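Here the structure comes first, spelled out in structure tokens, and everything after it is commentary.
In each ligand, atom 1 is the first atom listed, and ligand 1 is the first ligand listed. All values reported here derive from a predicted model rather than from experimental measurement. For the numbers below, each heavy atom of this structure counts, side chains included, while hydrogens, waters and symmetry mates do not.
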Amino acid sequence: MIAISACLAGVSCRYDGNANTCKKAQELIKEGKAIIICPEQLGGMETPRTPCEIKDGRVINENGEDKTKEFIKGADEALKICKLYGVKEAILKSGSPSCGYGRIYDGNFSRIKIDGNGITAQKFIEAGIKIKTEKDI
Ligand code: SF4
């Protein structure tokens, strides 16, 4: 089973209330090969919400509020779901402070990306889940 970022499936769970619909991700779900997760909503964040970025290991929103606790809770809940479904692979939305894999924003809301993983992506890696982004499918 594959876990897919819910926004890639067309769910309007992004910080701005929109989706990042990816047809290939939707096909995997329709074929019964994938489940969807939105770690930020699972962590209790509202939608729409103030955008967050990771800075010095903390997740801070654009207003300067620390949302690390919510992001960790969301990652834990997403991992719980993955374990229930026997997820071995995930297709996660690139660039997100939760789902981003390999490259994320630099924490200054400057649109500049640096090497790194989102909070959920990092947790998935540590749990042995193989990650791709929507750009790899
Ligand atoms: Fe999409 Fe992940 Fe952000 Fe949810 S947390 S909106 S699934 S990128």
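- The salt bridge (charged side-chain N to carboxylate O under 4.0 Å, His left out) test with E89 is passed by exactly one of K132, K130, K33: K132.
- Of all protein N/O/S atoms, those lying under 2.8 Å from atom 2 (Fe) of ligand 1 come to 1.
- Listed by number with element, the atoms of ligand 1 under 4.0 angstrom from any heavy atom of R49 are 6 (S).
- Classification of R14 and D16 as a salt-bridged pair holds, one side-chain N sitting under 4.0 Å from a carboxylate O.
- Judged purely by atom type and a 3.5 angstrom limit, E62 has no side-chain atom pairing as donor or acceptor with the backbone of P51.
- Look at D106 and K113 and you find no salt bridge, because none of the NZ, NE, NH1 or NH2 atoms lies under 4.0 Å from a carboxylate O.
- By the 4.0 Å N-to-carboxylate-O rule, K30 lies too far from E27 to be salt-bridged with it.
- The one candidate from Q41, E70, E40 that meets the side chain to side chain donor-acceptor pair (under 3.5 Å) condition with S98 is E40.
- Not close to ligand 1: M45, with no non-hydrogen atom less than 4.0 angstrom away.
- Open room surrounds OH on Y85; 12 or fewer heavy atoms of other groups in view lie less than 6.0 Å from it.
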